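Right, one structure below, let's go through it.
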Amino acid sequence: MKDAVASAWDRAAEGWSRSTPIVHAWLRQATAAMLTEARLHPGARVLDLAAGAGDQTKDIALAVGPTGDVLATDISPKILDFARRSIKAAGLTNVRFAVADAERPVHAEASVDAVMCRLGLMFCMNPAAALAAAFQMLRPGGRFVALVFGDPANNPCITTMMKVARKHRGLSGSVSPYADGGLFSLAAPGRLASLLTAAGYVDVAAEPLSAPFELPDAAAYVAFVRSSGSPIVEVLAPLGAKAREAAWREMEEALQQLRCEQGWRGPNELLFGSAARAG
Ligand SMILES: C[S@@+](CC[C@H](N)C(=O)[O-])C[C@H]1O[C@@H](n2cnc3c(N)ncnc32)[C@H](O)[C@@H]1O
């Protein structure tokens with residue numbers, strides 16, 4: 001299972017990395033809020049879990065400065081290679097990298113000031129284990145901050161695309177939107193907060209945060225989802241090329257209704273989780 005997750009993200013690595021400008025613009029405010037909530041300061045030690053192609057890693061590295069230290073981890077070696085290259089190209093020398101499953105503590109790391117995870121925690125099949133591992137690595141008084149997908153009812157782009165993808169795959173019957181390891185696995189009311197509390201954290205909060213996509217048109221959004229290795233790509237993967245194209249076309253048509261004066265605006269709701277290890 002872990003190998004399958006790592007391979008899926010290895011396949012998506014190039015696409016996610018290429019989409020960095022879109023992801024950066026989409027999550028600009030949310031990332032700034034994460035940095036504030038993590039109370040980063042020059043010299044801080046930070047663990048960036050499920051770091052992906054390193055977009056937020058760069059912001060974290062800049063916030064902690066040359067005397068700080070960032071360890072960026074991810075389960076996919078390929079995506080972490082993109083992060084490594086991007087951090088090097090930015091001339092940052094305060095970031096280390098390790099291929100690691102967020103559900104296990106990195107034993108060499110202890111007493112970090114903050115553990116951060118942008119859009120990775122919901123992919124953990126056992127998020128309780130990931131939160132426990134993060135807790136173990138935090139120093140007393142250290143902060144935990146995570147961004148995950150929020151209420152599916154407020155994420156119509158994803159739910160529409162998934163519905164169309166499942167129809168084209170011939171997958172009938174309803175599945176829980178909150179399935180473990182899925183995009184919305186932590187979106188059920190109260191789930192993230194109760195997991196944080198159960199893992200021993202204090203000062204627990206989990207608040208919705210609106211992060212709409214603003215793009216020139218629906219085609220740009222569909223192109224982003226296609227290249228970013230989303231679970232929708234995985235649903236369509238077993239189909240032949242023609243059938244896949246038909247599904248993507250239908251998704252684009254359905255999303256045309258979100259056209260607006262400025263171009264295209266896709267509503268998107270995230271959940272902003274924060275907590276601390278008691279000092
Ligand atoms: C949507 S991307 C987010 C990447 C990056 N944090 C960002 O916001 O751009 C999700 C990332 O989670 C990673 N991931 C999924 N399951 C993981 C796990 N169990 N442990 C560590 N990383 C994991 C994937 O490899 C991928 O890089």
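Read the numbers this way: they start at 1 and go in the same order the structure lists the ligands and their atoms. Predicted model, so just to flag it, every value in this text is computed and none were measured.
- Closest non-hydrogen pair, Lys78 versus Asp10, comes out as N-OD1, 3.0 Å.
- Looking at Glu245 and Arg226, a side-chain N of the basic residue comes within less than 4.0 Å of a carboxylate O on the acidic one, giving a salt bridge.
- Classification of Arg18 and Glu14 as a salt-bridged pair holds, one side-chain N sitting under 4.0 Å from a carboxylate O.
- Classification of the Phe149-Phe184 ring pair by plane angle, with boundaries at 30° and 60°, yields perpendicular.
- Contact residues for ligand 1 (protein heavy atom closer than 4.0 angstrom to any ligand atom): Val5, Trp9, Trp16, Ala50, Ala51, Gly52, Gln56, Asp74, Ile75, Ser76, Ile79, Ala100, Asp101, Ala102, Arg118, Leu119, Phe123, Cys124.
- Residues passing the salt bridge (Lys or Arg N to Asp or Glu O under 4.0 Å) test with Asp113 are Arg139, sequence neighbours excluded.
- Between Trp16 and Phe82, the ring centre distance reaches or exceeds 6.0 Å.
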